[in-house]
Amino acid sequence: MLFKLAWRNLWRQKRRTLLTALALSLALFLSLFMRSMQEGSYENNIDNSARFSTGLLQLQNPEFSESQSIEDLLSAATDFIAPVTAPPLSPHITHYLPRIESFALASASERAKGVMVFGVEPEREDSYSGIADKLIAGEFIDADDKQVLVGEGLAQFLSIKVGDELVLYGQGYRGQTAAGLYKVKGIIHFPLAAMDNQLVYMPIKLAQTLYSTGEQVTSWVLHTDSLDAVAEIKSELVKVFGSKVNVRDWQQLSPEMAQQIAMDKAGGVFMMYLLYGVVGFGLFATILMMTLERQREFGVMLATGLLRRKLLGLIAIESGFIALIGVLIGLIITLPVVTYFHYHPIQLTGETAQLMLEMGWEPIIPMMLSFSLILDQVKIVLGLMFICLLYPLWRAYRIDLVSALKGDSYG
């Protein structure tokens with residue numbers, strides 16, 4: 001009965017009901033749009049950075065994080081990495097790749113530059129990062145190649161092209177000299193400028209020969225099926241490998257990016273709550289007005305025997321209907337927009353794109369399509385409605401019957 005009465009009451013003031021619902025739907029649209037854009041950008045940047053450099057997780061020698069030395073290695077044997085390929089970890093780890101990461105001095109013609117050398121398994125690396133799609137000249141390397149790939153920026157700095165020779169010189173395992181002369185098989189354009197200017201890719205066997213590491217690697221790079229699962233999988237890896245292996249997540253591997261995201265996220269959340277605060281004041285004023293201007297109506301209802309708790313229930317149900325209508329309108333407007341930009345990210349150009357490339361981020365703004373994100377915003381909207389309802393309910397509960405019937409103001 002109360003539900004039927006509340007529903008009819010709403011449409012006695014259609015304009016007020018729709019305006020209140022639209023205010024809620026606008027707040028939901030703006031907050032969900034903003035949060036989807038933020039979280040989508042974070043996820044994309046983390047995923048890009050992980051695939052082209054660190055991975056979401058790495059297994060390293062316990063000393064490697066401090067020394068960054070080719071002396072601190074892990075086994076590349078299948079037995080060593082076997083726990084990752086078995087339950088309970090295997091369903092959540094989508095990629096695991098051995099890598100040798102070290103530094104060398106690269107020289108060609110009369111120029112030289114310090115570079116980062118990645119020794120990788122070409123086929124597995126390509127399936128993980130799609131690195132072959134970044135080729136702008138030449139061919140991708142094979143596992144048994146004696147040739148290398150270089151970043152476009154590095155190739156321009158050294159004035160080399162496909163077929164030219166590149167000298168790498170550095171320190172190998174246990175103090176041995178690492179030196180080699182390699183042909184450039186291909187040139188790659190990385191979306192991350194920092195990598196484009198200094199990265200050399202080579203087959204892992206060639207890197208093991210260059211640095212004399214034998215059947216060892218500097219790290220095992222792991223990728224999970226979900227960014228949210230990283231913490232749980234890291235904890236499981238620590239249990240499995242114990243103190244002999246250092247398990248590091250992307251936040252430890254890329255602390256600058258983690259800090260940038262944390263600061264940006266804090267700003268975004270502040271703006272979102274500021275938006276909800278502005279909408280909340282308007283909503284509170286509307287609900288309070290709805291309550292005060294109906295005092296004669298409430299007085300009549302109480303005089304005819306309606307219990308006060310049922311009167312409060314009626315007001316709460318009316319407000320609940322308004323919130324429900326607002327949420328539905330908000331979702332109907334928001335979901336198609338977010339879904340479109342999820343599959344068709346906004347492409348940035350000009351100085352903004354260049355700035356993002358310099359920060360190491362890809363110049364696009366994708367949106368996250370996440371049920372939990374939507375649910376969180378709906379909860380906030382409903383919570384906002386509940387908070388705005390508390391004072392009007394208290395005023396309605398204290399209504400003076402005689403004054404209300406006379407139409408006098410109360411309180």
Side-chain angles (χ1 to χ4, degrees), residues 49 52-55 58 60-61 63-74 76 97-122 125-126 129 131 134-135 137-190 192-221 253-254 360:
S49 178
F52 285 110
S53 57
T54 63
Q58 277 195 21
Q60 297 178 348
N61 184 296
E63 307 297 328
F64 185 78
S65 61
E66 292 292 330
S67 67
Q68 295 292 307
S69 169
I70 197 70
E71 302 292 331
D72 300 315
L73 302 173
L74 288 179
L97 310 99
R99 275 188 189 166
I100 286 185
E101 299 178 22
S102 191
F103 299 95
L105 181 68
S107 65
S109 302
E110 297 180 352
R111 309 196 75 173
K113 184 176 185 180
V115 297
M116 179 177 288
V117 177
F118 272 25
V120 300
E121 289 189 358
E125 196 73 22
D126 183 41
S129 63
I131 190 70
K134 306 296 181 185
L135 268 176
E139 298 176 8
F140 195 60
I141 51 176
D142 299 320
D144 298 321
D145 261 337
K146 306 299 180 186
Q147 304 177 79
V148 300
L149 302 174
V150 297
E152 183 184 14
L154 179 61
Q156 289 174 352
F157 180 83
L158 296 175
S159 300
I160 56 176
K161 58 183 183 300
V162 174
D164 289 348
E165 291 182 330
L166 177 74
V167 175
L168 293 177
Y169 184 84
Q171 181 179 338
Y173 187 53
R174 292 185 175 173
Q176 298 184 62
T177 299
L181 178 65
Y182 306 101
K183 274 192 175 182
V184 176
K185 189 174 183 180
I187 296 176
I188 293 178
H189 173 71
F190 291 98
L192 311 178
M195 299 186 68
D196 198 55
N197 293 329
Q198 64 172 357
L199 200 61
V200 174
Y201 262 95
M202 63 170 55
I204 194 165
K205 290 180 183 176
L206 194 61
Q208 287 172 329
T209 302
L210 172 64
Y211 290 105
S212 307
T213 62
E215 295 298 319
Q216 298 181 94
V217 295
T218 56
S219 62
W220 281 92
V221 174
L253 296 165
S254 303

Heavy-atom pair of closest approach, residues [X] and [Y]:
{"X": "V200", "Y": "L154", "value": "CG2-CD2, 3.7 Å"}
{"X": "A207", "Y": "G119", "value": "CB-CA, 3.7 Å"}
{"X": "L253", "Y": "G55", "value": "CD1-O, 4.0 Å"}
{"X": "L149", "Y": "I141", "value": "CG-CG2, 3.8 Å"}
{"X": "T54", "Y": "S254", "value": "CG2-OG, 3.8 Å"}
{"X": "Y211", "Y": "F103", "value": "OH-O, 3.3 Å"}

Expected list for residues 164-188: side-chain donor-acceptor pairs under 3.5 angstrom, two or more places apart:
residue, atom, partner, partner atom, Å
D164, OD2, K161, N, 2.9
Q176, NE2, Y173, O, 3.4
K185, NZ, F140, O, 3.3
K185, NZ, D145, OD2, 2.6

To the nearest 0.5 Å, what is the distance between [atom1] on [X] and [atom2] on [Y]?
{"X": "I100", "Y": "L74", "atom1": "CD1", "atom2": "CG", "answer": "11.0 Å"}
{"X": "Q208", "Y": "M202", "atom1": "CD", "atom2": "CE", "answer": "11.5 Å"}
{"X": "Y201", "Y": "K134", "atom1": "OH", "atom2": "NZ", "answer": "11.0 Å"}
{"X": "N197", "Y": "K113", "atom1": "CG", "atom2": "NZ", "answer": "4.5 Å"}
{"X": "Q68", "Y": "S65", "atom1": "CD", "atom2": "OG", "answer": "7.5 Å"}
{"X": "E66", "Y": "Q60", "atom1": "CD", "atom2": "CD", "answer": "10.5 Å"}

Donor-acceptor contact below 3.5 Å, side chain R111 vs main chain F157: yes
Any L97 side-chain heavy atom under 4.5 Å of E121 side chain: no
Q198: partners by side-chain hydrogen bond (donor to acceptor under 3.5 Å, both in side chains), with sequence neighbours left out: none
Donor-acceptor pairs under 3.5 Å, side chain of residues 212-220 to any protein atom, not counting sequence neighbours: which ones?
residue, atom, partner, partner atom, Å
T213, OG1, Q216, O, 3.4
Q216, NE2, T213, O, 3.1
T218, OG1, R99, O, 3.0
T218, OG1, E101, N, 2.8
W220, NE1, S75, O, 2.9

side-chain contact (heavy atoms from CB on, under 4.5 Å) assessment of L73 paired with N61: CA-CA 6 Å; L73 302 173; N61 184 296; 5.6 Å; no
